[in-house]
Amino acid sequence: MRTVQTTQVLGNSKFNKFHLLIFLWCFFAIGFDGFDVAIYGIGLPLMMEDFNISRVEAGAISSYTLISAMVGTFLLGSISDLIGRKKAIAICLTLFSFFTFLAGFAQNPTLFMIMRIIAALGLGGIMPILVAIMGEYSPVKKRALTIATMYCGYSIGAIIASLIGMYLMELTSWRLLYWISIIPLITLPWFLKQFPESVSYYLKKKKGDKIAEILNKVNPGGNYQAADNYEYETFKESTREFPIKKVFSNKRTSSTLAFWIAVTCSMLVISGLTTWLPQIMVESGHGLTSSLSFNLMLAVGQISGSIFGGMLVSRLGHRSVLILMFFIGSLCFVMLSITTNSLLLYFIITLTGACTVGTQNLVNPYISEFYPREIRTTGLSIAVGVGRIGGIMAPVAIALLLTTNLDPQHAFMAFAIPSLIGAIAFITVREKHASFDHIVPVKKHKIA
């Protein structure tokens, strides 16, 4: 009986059709996550007229939704290590697809808010699970770039939502955006048939046949068998400690707290921008279509930041890139608050997208990989769950700013400080206590 180290097999693998299948499904799921998050801000100007609600009421709906998303992140993200990541993703897709669809039929703001709150459980839960499973199956050398590219699906979803808003929403209704969200639910049977479960889950259940089946797809030449020794006892020993307690063990406390602070700042900025960017630009004198085009450029920047940032990670290291991007983001918000030239605004907003959601797309895999693989979903879920406190605060805080005599565009200045704090938080992370995967290259023996 041979001993097989699954971490080494997965980490040393070469990207093939099996990896591509996982990537495409994750890209699809995160795409609709981004779509569903973006449609609230995009449809907000027309929805406020339809429901006859104030800025503060609109901000409160967003904040209540984000509270639910925080619960979903803690609950579904953490239990995915217990019930399996595939099942958890399916639950998330069902929740946010079906209830976002129903929100499109709501005839009053209260019913709309209830539907969005239920949908947000899935929206909040799915992200850390996708990051964890994509990270588990990605070859280690390209892991950061693969996850960052996968996360571009989030921005593609936001771009599609923006385009629909620009060209169809005024001709039809803001409700169209919500009805489109039924698509993930329709595709769920194909997802359940094609998407693999986590190897870590099968290790916990000691299902050698399932592990062998997956590893043979990852490495077709490995000829793995159900009877192979997949080090079940070693894995069981590593998972013996309670997952939430483990994020603080082995001198990881200060780094864990730094992650919480950084993600809180990041979520505050992202939530505020996603909710209020179109409305701020409308109140600054731009037309609705023009204002939505700023939202489009924000999403383009998110993609650029994810891809180029992911490429820089392999050269400069994850933490250095994140610190740099947070600092640049802080400068962008200062510039946004004082710039009036339209072309320059487009450029700065694009760069802002790169240094907000684009940066968060790099933050997620970094935090996930910092922890041992058996608690990666839990570690990231807790960090993002705590971070959503910032997201909850932002919509109402910006709404209150907009009710003052302050120039609407000057509201961007409020985002500069949390971006700066996020950079400082990452400076304090102690990487020497991390559990990053260290893959031993497979040596090819010469044939005499």
Side-chain angles (χ1 to χ4, degrees), residues 7 11 26 30 73 77 127-152 154-155 246-248 250-267 269-270 302 305-329 354-388 390 418-419 421-439:
T7 302
C26 289
I30 204 72
T73 302
M127 181 274 294
I129 308 172
L130 293 175
V131 171
I133 201 161
M134 192 74 252
E136 180 177 19
Y137 282 115
S138 299
V140 71
K141 291 182 179 179
K142 300 293 183 181
R143 185 170 292 165
L145 182 59
T146 301
I147 295 175
T149 305
M150 179 270 289
Y151 234 112
C152 289
Y154 184 95
S155 303
K246 201 165 184 177
V247 301
F248 296 104
N250 296 329
K251 300 181 179 179
R252 287 191 285 263
T253 299
S254 62
S255 296
T256 293
L257 294 176
F259 291 148
W260 292 4
I261 293 170
V263 177
T264 298
C265 292
S266 180
M267 290 289 184
V269 171
I270 292 169
Q302 293 165 6
S306 299
I307 294 176
F308 290 112
M311 294 170 65
L312 282 175
V313 163
S314 61
R315 294 171 176 262
L316 304 179
H318 233 128
R319 188 175 64 163
S320 298
V321 172
L322 292 174
I323 292 169
L324 176 63
M325 292 178 78
F326 268 105
F327 273 124
I328 294 174
C355 296
T356 52
V357 174
T359 302
Q360 184 62 37
N361 293 350
L362 299 173
V363 168
N364 294 331
Y366 178 65
I367 294 176
S368 178
E369 291 181 42
F370 183 89
Y371 297 105
R373 61 176 176 158
E374 65 273 9
I375 61 161
R376 283 179 177 171
T377 306
T378 299
L380 180 59
S381 296
I382 296 172
V384 173
V386 172
R388 289 194 186 277
S419 295
I421 294 173
I424 295 171
F426 272 109
I427 291 174
T428 66
V429 171
R430 303 171 71 185
E431 289 193 333
K432 64 181 180 180
H433 301 308
S435 298
F436 300 119
D437 288 341
H438 299 288
I439 302 300

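One-based numbering along the sequence shown.
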T73: partners by side chain to side chain contact (heavy atoms under 4.5 Å, CB included), with sequence neighbours left out:
P128, S381, V384, R388
Interatomic distance, CG@N361 vs OG@S155, rounded to 0.5 Å, equals 6.0 Å
For residues 317-328, tabulate all N or O donor-acceptor pairs below 3.5 Å that involve a side-chain atom, not counting sequence neighbours.
from : atom 1 : to   : atom 2 : distance (Å)
H318 : NE2    : L362 : O      : 3.0
R319 : NH1    : I427 : O      : 3.4
R319 : NH1    : V429 : O      : 2.5

Using a 4.5 Å cut-off on heavy atoms from C-beta on, say whether the side chain of S419 contacts that of V269.
yes
Residues forming a ring pair (Phe, Tyr, Trp, His ring centres under 6.0 Å) with Y137, sequence neighbours excluded
F18
Check G387 against M267 and note the closest heavy-atom contact, atom names and distance.
O-CB, 3.2 Å
Any residue meeting side-chain hydrogen bond (donor to acceptor under 3.5 Å, both in side chains) with T256, in chain and number order, not counting sequence neighbours
Y371
Could you tell me which non-hydrogen atom of I367 sits nearest to which non-hydrogen atom of G379, and how far apart they are?
CG2-O, 4.4 Å
Looking only at atom types and distance, does a side-chain atom of T428 sit under 3.5 Å from a main-chain N or O of A425, one as donor and one as acceptor?
yes
Parallel, tilted or perpendicular: which one describes the rings of F259 and F426, with boundaries at 30° and 60°?
tilted
In terms of heavy-atom contacts, S306 and C152 come closest through CB-SG, 3.7 Å
Y151: what forms a side-chain hydrogen bond (donor to acceptor under 3.5 Å, both in side chains) with it, not counting sequence neighbours?
N364
Residue pair T264 / V386: nearest heavy atoms and the distance that separates them
OG1-O, 3.6 Å
In chain order, what residues pass the side-chain hydrogen bond (donor to acceptor under 3.5 Å, both in side chains) check against S138, with sequence neighbours excluded?
none
What is the distance from atom OG1 of T149 to atom CE of M134, rounded to the nearest 0.5 Å?
10.0 Å
Return each pair, listed once, that meets salt bridge (charged side-chain N to carboxylate O under 4.0 Å, His left out) where at least one residue sits in residues 128-140; pairs must be two or more places apart or across chains.
R85-E136
So, for W260 and A383, which heavy atoms are closest and what is the spacing to 0.1 Å?
CD1-CA, 3.6 Å
Results of side-chain hydrogen bond (donor to acceptor under 3.5 Å, both in side chains) for T356 - residues two or more places apart only
none
For Q360 and Y154, does a side-chain donor sit closer than 3.5 Å to a side-chain acceptor?
no
Any side-chain heavy-atom pair from I129 and I133 closer than 4.5 angstrom?
no
